[in-house]
Amino acid sequence: MNTYYLTTAIAYPNGEPHIGHAYEYIATDVMARFKRLDGFDVRYLTGTDEHGQKMQQTAIQEGVTPMELATRNAAVFQEMDDEVLNISYDRFIRTTDADHHASSQEIWRRMEANGDIYLDTYAGWYSVRDERFFADEETQVNEQGVRIATETGTEVTWTEEESYFFRLSSYADKLLAHYKANPDFIAPQTRANEVFRFVEGGLEDLSISRTSFDWGIPVPEPTNPELATDKDHVMYVWVDALTNYITGAGFPDAQSELKRYWPADLHVIGKDISRFHCIFWPAFLMSAGIELPKRVMIHGFLNNEGEKMSKSVGNVVHPADWADRYGLDTVRFFLLREFPFGSDGSYSHDGVLRRKNADLSNNLGNLTQRSLSMVYKNLDAKVPEPGELTDQDQKVLADAAALMDTWRTHFEVQDFYRALGAAWKVLDDTNAYFADQQPWVLRKTDEARMKTVLWVTLEIVRRVALLVQPVMPESATKLLDALGVEASADAGKTNASGQGPRSYAAWDTQLAPGTAIDKPTAVFPRHEEE
RNA sequence: GGCUGUGUAGCUCAGUUGGUGAGAGCGCACGACUCAUAAUCGUGAGGUCGGCGGUUCGAAUCCGCCCACAGCUACCA
């Protein structure tokens with residue numbers, strides 16, 4: 001069976017999850033469910049990135065240990081995945097997991113064995129009060145002429161500390177060659193361009209350890225005596241964070257049954273961390289002699305009515321609030337249907353409402369309801385037997401049948417926006433077809449023809465319902481229930497979804513005449529709110 | 001400043017390698033129908049395709065300049 005391994009970025013759990021996190025998890029979930037329904041052996045990894053100075057500082061402020069803080073906050077993310085978003089991850093990895101420690105130390109050893117790690121000093125703006133370094137742009141010179149950290153207002157001084165470095169500089173050409181040979185490695189193109197230009201400008205070696213704090217994975221004992229030191233180093237968090245992707249595939253256990261998943265097919269990330277995934281990560285892997293992931297898909301940020309989401313503006317949306325207000329499936333649908341994945345998006349209450357009422361209630365929901373109602377009331381609640389198909393029947397059926405290939409093509413590049421657009425075009429046409437055929441008139445004049453029209457319509461609804469299971473698992477399941485399609489698996493939640501009447505393998509298994517249906521009820525009620 | 005993009009109907013956007021009179025969805029107006037979730041179907045509104053200039057028989061689509069907006073320009077994550 002073909003494997004498909006995909007990941008989200010792991011969240012830094014020093015704050016609460018917001019709709020931006022949810023966006024990434026949902027999109028990745030949709031991709032994972034799609035592949036499972038399409039018969040792939042899928043593994044979906046998500047989790048939390050728990051080390052680093054900020055976690056340690058936050059813990060100190062709150063009077064708990066870093067581990068306690070991490071455990072508490074990781075649980076918040078995991079609960080959101082489980083109880084709010086219905087995310088079908090296969091493992092929720094925490095960078096504090098024991099196997100991840102082993103994995104991170106092993107990739108470090110391999111990079112070292114390849115001669116890419118050396119000991120030197122790292123210089124930067126250091127705040128004694130905050131006990132941390134600040135990047136140049138995180139500092140400013142105040143009115144007294146003293147350089148301070150913008151965030152905390154404390155004085156910073158130019159300081160050097162011992163650090164291990166990674167020879168990133170020697171990987172620029174190799175990276176460029178890889179980008180050129182693998183044009184789909186980074187998407188969308190505009191993000192890829194940014195990465196190319198950055199690398200073309202030359203790369204500096206990267207400081208990959210810290211001695212100024214200890215909340216991290218210890219650097220393993222060096223084998224090369226020149227690297228020996230009496231200081232305690234922990235890994236720079238990005239070394240450990242990125243490595244989660246191979247830990248999730250069983251690294252370094254050569255016997256692991258998870259090994260079949262590497263190289264990953266897809267890393268889904270936000271645009272703020274493209275450099276780490278498109279430059280540092282492949283360089284680390286090259287150094288360690290590990291295959292590179294096949295693709296990094298970079299999504300955009302969500303704006304609230306065109307404005308950046310921020311705590312100070314007070315327009316931060318909590319996923320649970322949205323799910324409660326509109327329904328989870330509506331939220332999932334909206335986020336993928338409203339704007340292209342890879343572009344920034346803007347959401348608003350009116351926008352969600354329009355999508356919900358127009359696309360879900362009026363279009364898909366009502367098409368289902370009007371056709372099922374006629375069957376229920378006039379045809380003894382049994383799926384009718386179609387007669388000879390007219391050109392019009394065949395046209396709409398063929399358009400619906402073509403959606404599977406269209407979706408596969410678009411999903412290959414995570415173009416959920418166009419995939420959904422194509423499906424809704426078919427639904428638009430089907431509503432027009434239904435109105436044009438006027439089955440309510442045929443009821444009195446030509447019952448056989450009415451049966452054909454109703455069967456054609458229901459068959460198209462079946463295909464669309466089957467198709468949209470990854471996007472709206474709950475609602476699609478209700479639609480398939482209403483059509484009397486025999487249940488199989490779980491709408492893409494597990495690999496069991498790859499076969500049976502609700503898998504994509506059943507794409508051409510048409511709706512069986514004679515199937516009993518229940519009294520239809522609205523699957524997508526219009527939005528009601530005071 | 002440099003680099004990369006974007007700028008098309010009220011809104012969100014499509015528009016292959018330049019070619020019949022510039023499109024879709026939503027929203028809006030009017031009309032039709034009544035199977036259906038006050039849903040659906042049809043018609044329409046007539047937008048200098050950011051601006052100027054150029055190439056061409058012909059450009060939203062190529063070239064140049066300009067304007068506006070966004071992103072990137074490394075080690076907090």
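Naming convention: chains lettered A, B, ... in sequence-line order (proteins, then strands); numbering from 1 in each chain. Since the model is a prediction, treat every value here as computed from it, not as a measurement.
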In whole angstrom, what separates [X]'s [atom1] from [N]'s [atom2]?
X	N	atom1	atom2	result
A:Phe339	B:A24	CZ	P	24 Å
A:Glu161	B:C75	CD	C1'	12 Å
A:Glu200	B:A74	CD	P	16 Å
A:Asn363	B:A24	CG	P	17 Å
A:Arg370	B:C41	CZ	P	7 Å
A:Phe434	B:U34	CZ	P	13 Å
A:Asp240	B:C75	CG	P	19 Å
A:Arg197	B:U4	CZ	C1'	4 Å

Just checking [X]: base, sugar-phosphate only, or nothing, at a heavy-atom cut-off of under 4.0 Å?
X	answer
A:Trp238	base
A:Ser207	base
A:Val199	nothing
A:Phe301	nothing
A:Glu204	base
A:Asp344	nothing
A:Asp428	sugar-phosphate

Check every atom of [options] against the side chain of [X] and return the nucleotide holding the closest atom.
X	options	answer
A:Arg418	B:A74, B:C35, B:A14	B:A14
A:Arg354	B:C26, B:A77, B:A39	B:C26
A:Asn362	B:A36, B:U40, B:A77	B:U40
A:Ala435	B:C41, B:C76, B:G5	B:C41
A:Phe198	B:C35, B:U4, B:U73	B:U73
A:Tyr122	B:A36, B:A77, B:C76	B:C76
A:Leu168	B:A77, B:A74, B:G25	B:A74
A:Arg275	B:A77, B:C72, B:U40	B:C72
A:Ala432	B:A36, B:G42, B:U34	B:G42

With rounding to the closest Å, how many angstrom separate the [atom1] atoms on [N] and [M]?
N	M	atom1	answer
B:U61	B:C49	C1'	10 Å
B:C41	B:G5	P	40 Å
B:G19	B:C72	P	35 Å
B:C28	B:U12	C1'	16 Å
B:U8	B:A22	C1'	9 Å
B:G31	B:C63	C1'	49 Å

Below 4.0 Å: OP1/OP2 of B:A77 and any side-chain N or O of A:Tyr236:
yes
Could you tell me whether the phosphate oxygens of B:A36, OP1 or OP2, come under 4.0 Å of any side-chain nitrogen or oxygen in A:Lys377?
yes
A:Arg355 vs A:Gln438, nearer the 5' end of RNA chain B by closest nucleotide:
A:Arg355
A:Lys271 or A:Ala522: which one's nearest nucleotide on RNA chain B is closer to the 5' end?
A:Ala522
Any luck finding a side-chain donor-acceptor pair between A:Tyr118 and A:Asp205 under 3.5 Å?
yes
Give a yes-or-no answer on whether the side chains of A:Glu204 and A:Ser169 include a donor-acceptor pair shorter than 3.5 Å.
no
Using Watson-Crick or G-U wobble geometry with both distances under 3.5 Å, which nucleotide pairs with B:C65?
B:G51
Could you tell me how the ring of [X] sits relative to the ring of [Y]: parallel (under 30°), tilted (30 to 60°) or perpendicular (over 60°)?
X	Y	value
A:Tyr326	A:Trp322	perpendicular
A:Phe165	A:Tyr122	tilted
A:Tyr245	A:His277	tilted

Kindly indicate whether a cation-pi arrangement holds for A:Arg275 with A:Phe280, taking the cut-offs as under 6.0 Å to the six-membered ring centre and within 45° of the axis.
no
What I want to check is whether an N or O donor and acceptor connect the side chain of A:Asn366 with the base of B:A36 at under 3.5 Å.
yes
If we only count heavy atoms from C-beta on, is the A:Met286 to A:Trp281 side-chain gap below 4.5 Å?
no
A:Thr211 and A:Asp232, any side-chain heavy atoms less than 4.5 Å apart:
no
